[in-house]
2 protein chains.
Amino acid sequence: MGTKERRAREKEQLRRQILVAARELFVNDGYENVSMRKIANKIEYSPTTIYLYFKDKADLLDSVCKDTLLNLLKTLERLKNDKSDPVETLRKSGQAYVEFGLKYPQDYKLTFVIRPEFQKGLGLQEGSVGEKVFNYLREMVSECVRQNIFRQVDIETTGQVMWSAVHGVTLLLIDFPDFPWTEKDKLIDTVIHTTIEGLKV
Amino acid sequence: MGTKERRAREKEQLRRQILVAARELFVNDGYENVSMRKIANKIEYSPTTIYLYFKDKADLLDSVCKDTLLNLLKTLERLKNDKSDPVETLRKSGQAYVEFGLKYPQDYKLTFVIRPEFQKGLGLQEGSVGEKVFNYLREMVSECVRQNIFRQVDIETTGQVMWSAVHGVTLLLIDFPDFPWTEKDKLIDTVIHTTIEGLKV
DNA sequence: TAATCTAACTTAACAGTGTTAACATTATAC
DNA sequence: GTATAATGTTAACACTGTTAAGTTAGATTA
């Protein structure tokens, strides 16, 4: 009677296989330059098979994005234990966020700019992974507010300001690699430091 | 002998016509959803005619982006006269930048995230429009540094921090319209205010 | 075991894409 | 008025996402 479970497992396996192949191609060649046929080729199935597992190409991308967010969340939550200094934790979180974006630039762009429509359905609404990521930021910030380190009492605004800063510097560094930036790590440090100091005043 | 000039004028006219049609379609339908045939249809020429004026679709987009940057530059330079308070001018410039992005969200995204490769050839290199935009920001910032308002002596870094902040908040507001943002203008104000205060300390 | 059913997958096709090469047309120059 | 250059068009190629119809293999039932 284990046949049904086996079949389900096999089905899930192929789904993962498609996702892995798709991510790899999206990341290397860019979403628009990847065709369903290329993905199919990579996994050695016919193109239409993919449609048995994903509604369409956008749905496939959505699933890739969801994985990216899960990955980001995992990365961030590793920093949570460090409860000593809330400002230091926030600083580290910001740094980790930018680092994540620069480590997986294509993933980051796919998730946060190429297809933010996906947020409507999965990304930021209640119970979603995206919401969990922002909740993490909320926690970090609210601890700083609670300890009267930050002037602003409004946790939402404070969090959004922080997000703007790290999102901005991440995308600029990704999108304009040839721009004569200040030394990269120095810039990231300064952005985060400036924002935190600005929130204190 | 004015025939040559007339021909050149007519040619330039059709070029503009193509650009206008392309921008309108890109902005309404999104770059990827606009085909050369659609553009051709709009201006009532055959699709291949466009290739007599632009190398390819990307080149067409580049020209649209260049216009956007020119537009942004014009918007910003209107604020330059106000020499009284450099911090206030910088604040206003930041605000104008974000407002510009939100007023022409598709243009902004096309220029700053969809096709930043275009920066390589036209956008940010010497003498380009993009460089002029960043030079504007440099001027605003350096005035604040010169008057010892900002701690940081490094004008480049300071400018880049400012750019990160406004770029970040602009894109977040564009890309996640359904996110429960703080009231929009308040958020923009706070981002700019926070960054400036952070640079002062 | 043989017949049936169903889930998984493929083939063939449609309408659309960017782009090129070859052709047609028009307006200028001699 | 004829040659010449500029301008525009037609037809085609190889590709795209996606659907409908057809095939095959494995499990279920009699």
Side-chain angles (χ1 to χ4, degrees), chain A residues 1-26 28-65 110 114-115 117-118 121, chain B residues 1-26 28-65 110 114-115 117-118 121:
Chain A
M1 224 306 159
T3 50
K4 217 170 190 175
E5 282 97 3
R6 200 204 64 214
R7 298 267 272 184
R9 217 168 42 234
E10 280 174 0
K11 192 155 181 162
E12 179 56 27
Q13 213 170 339
L14 181 47
R15 212 192 101 98
R16 293 302 318 171
Q17 208 181 327
I18 295 172
L19 272 177
V20 168
R23 144 159 286 129
E24 204 172 314
L25 287 170
F26 287 163
N28 284 336
D29 304 354
Y31 175 68
E32 299 298 339
N33 302 316
V34 174
S35 68
M36 297 303 256
R37 285 167 176 85
K38 269 187 204 159
I39 301 171
N41 228 40
K42 200 176 172 89
I43 58 168
E44 297 182 291
Y45 278 81
S46 117
T48 49
T49 298
I50 301 173
Y51 289 87
L52 302 172
Y53 294 81
F54 300 92
K55 193 181 150 286
D56 51 25
K57 199 186 170 189
D59 183 36
L60 184 49
L61 177 55
D62 285 352
S63 296
V64 168
C65 289
L110 284 177
I114 304 292
R115 191 159 171 71
E117 301 93 352
F118 121 88
Chain B
M1 227 307 157
T3 49
K4 217 169 189 176
E5 282 95 3
R6 200 204 63 215
R7 298 267 270 184
R9 218 167 42 234
E10 279 174 2
K11 189 150 185 168
E12 179 55 26
Q13 213 170 338
L14 181 48
R15 211 190 103 97
R16 293 303 314 174
Q17 209 180 329
I18 295 171
L19 272 178
V20 168
R23 142 159 288 129
E24 204 172 314
L25 288 170
F26 287 163
N28 284 335
D29 305 353
Y31 174 68
E32 299 297 340
N33 301 316
V34 175
S35 68
M36 296 303 256
R37 285 167 176 84
K38 269 188 204 158
I39 300 171
N41 228 39
K42 199 176 172 90
I43 57 169
E44 296 182 291
Y45 277 82
S46 116
T48 48
T49 299
I50 300 174
Y51 288 88
L52 300 174
Y53 293 82
F54 299 93
K55 192 181 150 287
D56 50 26
K57 200 186 169 189
D59 182 37
L60 185 48
L61 176 55
D62 284 352
S63 296
V64 169
C65 288
L110 284 177
I114 303 291
R115 190 157 172 74
E117 302 94 351
F118 122 87

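All chains are named by letter (A, B, ...) in the order of the sequence lines, taking the proteins before the strands, and each is independently numbered beginning at 1.
The side-chain contact (heavy atoms from CB on, under 4.5 Å) search around B:Glu32 returns A:Glu32, not counting sequence neighbours. By the side-chain contact (heavy atoms from CB on, under 4.5 Å) test, B:Arg16 is found to be paired with B:Glu12, B:Leu19, B:Asp67, residues two or more places apart in sequence or in another chain being considered. With sequence neighbours excluded, no residue forms a ring pair (Phe, Tyr, Trp, His ring centres under 6.0 Å) with B:Tyr53. Partners of A:Glu10 by side-chain hydrogen bond (donor to acceptor under 3.5 Å, both in side chains), not counting sequence neighbours, listed by chain and number: A:Arg6.
In this structure, CD of A:Gln17 is placed 14 Å from C1' of C:dA8, rounded to the nearest angstrom. When the P atom of C:dT26 is taken as reference, atom NZ of B:Lys11 falls 18 Å away, rounded to whole Å. Here the C1' atom of nucleotide D:dG8 and the CD atom of B:Glu44 are 15 Å apart, to the nearest Å. The distance between atom CD1 of B:Ile50 and atom P of D:dT7, rounded to the nearest whole Å, is 16 Å. Between the CZ atom of B:Phe54 and the P atom of D:dG8 there is a distance of 13 Å, given to the nearest Å. In this structure, CG of B:Leu52 is placed 18 Å from P of D:dA5, rounded to the nearest angstrom. Per the geometry, CG belonging to B:Leu60 stands 11 Å off P belonging to C:dG18, to the nearest Å. Put simply, CG on B:Asn41 is 16 Å from P on D:dG8, counting in whole angstrom units.
Contact annotation for B:Leu14: backbone-only contact, meaning every heavy-atom pair under 4.0 Å involves sugar-phosphate atoms and none involves a base. Counting any heavy atom pair closer than 4.0 Å across all strands shown, A:Tyr53 reaches sugar-phosphate atoms only and no base atom.
When atom types are taken as modelled, the side chain of A:Lys57 and the backbone of A:Ser35 share no donor-acceptor pair closer than 3.5 angstrom. Side-chain atoms of B:Arg37 do not come within 3.5 Å of backbone N or O of B:Pro47 as any donor-acceptor pair.
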A correct 5'-to-3' footprint of nucleotides 16-26 of chain D, with B, S and - meaning base, sugar-phosphate only and no protein heavy atom under 4.0 Å, is BBBBB------
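Contact between the side-chain N/O atoms of B:Thr49 and the OP1/OP2 oxygens of D:dT9 is found at a separation under 4.0 Å.
Screening residues 40-50 of chain A for side-chain hydrogen bond (donor to acceptor under 3.5 Å, both in side chains), with sequence neighbours left out, gives A:Glu24-A:Lys42, A:Ser46-A:Thr48.
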